Amino acid sequence: MQKDLFVYNTLSRTKEKFEPLAAPFVGLYVCGPTVYGDAHLGHARPAITFDLLFRWLKHLEYKVRYVRNITDVGHLENDADEGEDKIAKKARLDQLEPMEVVQYFSDRYHENMESLNVLKPSIEPRASGHIIEQQLMIEKIDQAGFAYTVDGSVYFDVEKYNRDHAYGKLSGRNIEDLQSNTRELEGQDEKRNPFDFALWKKARPEHIMRWPSKWSDGFPGWHLECSAMSTKYLGEQFDIHGGGMDLLFPHHESEIAQSTAANGTESVKYWMHNNMITINGQKMGKSLGNFITLEEFFTGSHKTLEKAYSPMTVRFFILQAHYRSTVDFSNEALQASEKGFQRLMNGVQALEKIKAGEVSTIDVKAFEDKCYAAMNDDLNSPILISHLFDMVRQINSMADGKEQINQTDLDQLKKLFHTFVFDVLGLRDEAKQDSGNEKTAELIELLLRLRIEAKANKDWSTCDKIRDSLKELGILVKDTKDGCEWEILS
RNA sequence: GGUCGGUUGGCCGAGUGGCUAGGCACCGGUCUGCAAAACCGGCUACGGCGGUUCGACUCCGCCACCGACCUCCA
């Protein structure tokens, strides 16, 4: 009934049937954030995309080990020799210990992820905690003959690797093109070829993040941490590696080369990449300076934002586009998502109040099949959401007495709706959360009872006064056939 | 310049060789003391030019435009 999951594999550029290397176990590795600044909307995309995958795999009863790293070393600011470590740079500016910066932004990241209802990964390793593993991997690569050392720095010999392996297979490049297209950067003279990349870099005297090694006091190269940590926690071969499309080249390409060189085998079976979030049609990114942090979305404090957008609005907005499409940010789009999300939540609440009848005019089984089909088709969350909206309409019709449902179907529908809305899409009803205060709820109920009395007496002015006053407090009153409902507006 | 991807209605965003999602906005109707909500209905598009086909938004070719990557980037 659940059919098979198909995922788009960047390696083959096609959707492939997902078959774990060792079912029911699934190993999933995703490139996490570099913690030297607040997370922005772009960071929410892979987090939510792979959260969706994680949730779906678990729903399909796979036993998933989800590893998402935190990058807290490496990643040079400019180029290999002239640049300084991003973390170190930020630390010097703020007069903080590098690890203090890392801790601060890691905590902020975790808070953002919690707000977005992103599940914690099974393991969240830090690059700085795996220096030894990275050094050991360099040695393996060196022993295999794919590394060379120049003045305390170790480089990966791409040309040699390419003789027996296809460097560029993931990103669709070939070494000749790279030869002619790689920019001439300063201080690259240590490398045999411009496309070679560092495995270990000797630290200059002022470089404060450094570790001792047999080659030099230095730090590991950009791409190494993911290879080392994925190997450590998921094995030399594992199922899925995810990340943003912008990491495809050179990061993931180099990961493949490193792992293959070190272990002798191809490491990843399925490569999955989420697309970018754009703003005014351009990628939102740190380097372009056009990013809006998640915190700013939640508080509405960025000048581009017309208002604050709740975490669930942001999550829903992202889920309404397929993960492999770009999604363009705009206030209009966010507000459409906000309204839509509210409609969905209202539907969930309406469903709770439906009373079963004798017969069903609703096809619950067809609904179920369509939902599974959507998710199994490369996590097509927008299609899933469209089916949920179709069902919301039917739920509302039931509430209006225009459609009917029997007890068996009703139970099943409630279960399905709950599963897909909350467990799979990972949404949560924020209004419900806000009204968590029982006293508040009781007070509102009291006022509404008074209003119903006034209404019975056709005392419209009292009636409207209560409704209007509540609205000013952010509480929306909706009359129904036999009474009224209320909800807290965000 | 190279590689890859995109161009869908007022906006966002799916998708398929013929039956052409969904949300938001807008318009009309039902309901309602009024409003809101809800329901019903309307609005209904696939960048341009050729080609394949009984039939293309969907396949192919060319062109235009946009973007990503080629440097850290989610």
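A quick note: this is a predicted structure, and the numbers were derived from the prediction, not measured.
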Roughly how far apart, to the nearest Å, are B/rA64 and B/rG28 at atom C1'?
41 Å

Mind checking A/Ile277 for me? I need base, sugar-phosphate or nothing, with any heavy atom below 4.0 Å counting as a touch.
base

If I take atom CZ in residue A/Arg45 and atom P in nucleotide B/rA74, what distance separates them, rounded to the nearest angstrom?
15 Å

What's the closest nucleotide to the A/Thr34 side chain, out of B/rG22, B/rA74, B/rC4?
B/rA74

When we call it a touch if two heavy atoms are under 4.0 Å apart, what does A/His40 touch: a base, just sugar-phosphate, or nothing?
base

On a whole-Å scale, what distance lies between the C1' atoms belonging to B/rC66 and B/rC72?
24 Å

Got a donor-acceptor pair under 3.5 Å from the side chain of A/Asp328 to the base of B/rG13?
no

Would you kindly give the CZ-to-P distance between A/Phe367 and B/rG22, to the nearest whole Å?
14 Å

Determine the interatomic distance between C1' on B/rG13 and the same-named atom on B/rC69; round to the nearest Å.
25 Å

Interatomic distance at P, B/rA74 relative to B/rU20, whole Å
43 Å

Quick one about A/Thr361 and A/Gln404 (side-chain donor to acceptor, distance below 3.5 Å, no hydrogens or angles considered), yes or no?
no

Mind checking A/Thr278 for me? I need base, sugar-phosphate or nothing, with any heavy atom below 4.0 Å counting as a touch.
nothing

Going by atom types alone, do A/Arg428 and A/Asn117 pair a side-chain donor with an acceptor below 3.5 Å?
yes

Would you call A/Tyr309 and A/Asn331 a side-chain contact if the rule is heavy atoms closer than 4.5 Å?
yes

Sub-6.0 Å ring centroid separation between A/Tyr372 and A/Phe420:
yes

Looking at B/rA68, B/rG33, B/rG2, which one has an atom nearest to any side-chain atom of A/Arg173?
B/rG2

How do A/Gly32 and A/Tyr323 order along RNA chain B: which one's closest nucleotide is nearer the 5' end?
A/Tyr323

How does RNA chain B look in dot-bracket form if you count Watson-Crick and G-U pairs under 3.5 Å, write [ ] for pairs that cross, and put | where a base pairs with another strand?
(((((((..(((.....[...))).(((((.......)))))....(((((..]....))))))))))))....

Counting the atoms with a prime plus P, OP1 and OP2 as sugar-phosphate, which does A/Leu248 contact under 4.0 Å by heavy atoms, base, sugar-phosphate, or nothing?
nothing

Are A/Ser330 and A/Asp328 close enough that a side-chain donor and a side-chain acceptor fall under 3.5 Å?
no

Determine the contact category for A/Met276: base if any of its heavy atoms lies under 4.0 Å from a base atom, sugar-phosphate if only primed atoms, P, OP1 or OP2 are that close, otherwise nothing.
base

Side-chain N or O of A/Lys370 versus OP1/OP2 of B/rA21: is the shortest distance under 4.0 Å?
no

Checking all strands, does A/Val327 fall into the base, sugar-phosphate, or nothing category for heavy-atom contacts under 4.0 angstrom?
sugar-phosphate

How long is the line joining CE of A/Met391 and C1' of B/rG22, in whole Å?
14 Å

When all nucleic acid strands are considered with a 4.0 Å heavy-atom cut-off, which category describes A/Cys463: base, sugar-phosphate, or nothing?
base

What I want to find out is whether A/Lys15 reaches A/Asp378 closely enough, with some N-O distance under 4.0 Å, to be called a salt bridge.
no

Distance, rounded to the nearest Å, where A/Leu170 contributes CG and B/rA68 contributes P:
19 Å

Can you find a side-chain donor-acceptor pair between A/His251 and A/Glu255 that sits under 3.5 Å?
yes

With the side chain defined as heavy atoms from C-beta on, A/Asn274 is closest, among B/rA74, B/rA21, B/rC69, to B/rA74

Of all the choices, B/rA74, B/rG33, B/rC4, which nucleotide is nearest to the side chain of A/Lys455 once you look at every atom?
B/rG33

Among B/rA21, B/rC69, B/rC39, which nucleotide has an atom closest to any side-chain atom of A/Asp400?
B/rC39

Nucleotide nearest A/Gln282 (side chain, heavy atoms from C-beta), chosen from B/rC69, B/rG33, B/rA68:
B/rA68

C1'-based separation of B/rG1 from B/rC11 [nearest Å]:
36 Å

Gap in Å between the two P atoms, one belonging to B/rC4 and one to B/rG41, rounded
46 Å

Are A/Asp390 and A/Lys370 close enough for a salt bridge, meaning some N to O gap below 4.0 Å?
no

Evaluate the side-chain proximity of A/Glu225 to A/Pro220: yes if any heavy-atom separation is below 4.5 Å, no if none is.
no

Between atom CD1 in A/Ile279 and atom C1' in B/rA68, what is the gap in whole Å?
17 Å

Is A/Asn380 near enough to B/rG15 that one of its side-chain N or O atoms lies under 4.0 angstrom from OP1 or OP2?
yes

Using a cut-off of strictly less than 4.0 Å, decide whether A/Ser325 has a side-chain nitrogen or oxygen near OP1 or OP2 of B/rA14.
yes

5' to 3', nucleotides 23-30 of chain B under a 4.0 Å protein heavy-atom cut-off (B base, S sugar-phosphate only, - none) gives SSS-----

Check: A/His322/A/Tyr8 side-chain N/O donor and acceptor closer than 3.5 Å:
no

C1'-based separation of B/rG10 from B/rA45 [nearest Å]
12 Å

Base B/rA35 to side chain A/Arg467, donor-acceptor N/O within 3.5 Å cut-off
yes

Between B/rG50 and B/rG29, how far apart are the P atoms? Round to whole Å, please.
44 Å

Which part of the nucleic acid, if any, lies within contact of A/Gly42, taking any heavy atom under 4.0 Å across all strands shown: a base, the sugar-phosphate backbone alone, or nothing?
base

Heavy-atom pair of closest approach, residues A/Ser381 and A/Leu319
OG-O, 2.7 Å

Given B/rC70, B/rA14, B/rA38, the nucleotide with the shortest approach to the side chain of A/Phe249
B/rC70

How many whole angstroms separate atom CG of A/Asn275 from atom P of B/rA68?
10 Å

A/Phe291 to A/Gly285 - nearest heavy-atom pair and separation:
CD2-O, 3.6 Å

Distance check needed: B/rC12 C1' versus A/Tyr309 OH, whole Å only.
13 Å

Rounded to whole Å, how long is the line connecting atom CD1 of A/Ile475 with atom P of B/rA35?
23 Å

Distance-only donor-acceptor check, side chains A/Ser128 and A/Arg126, under 3.5 Å:
no

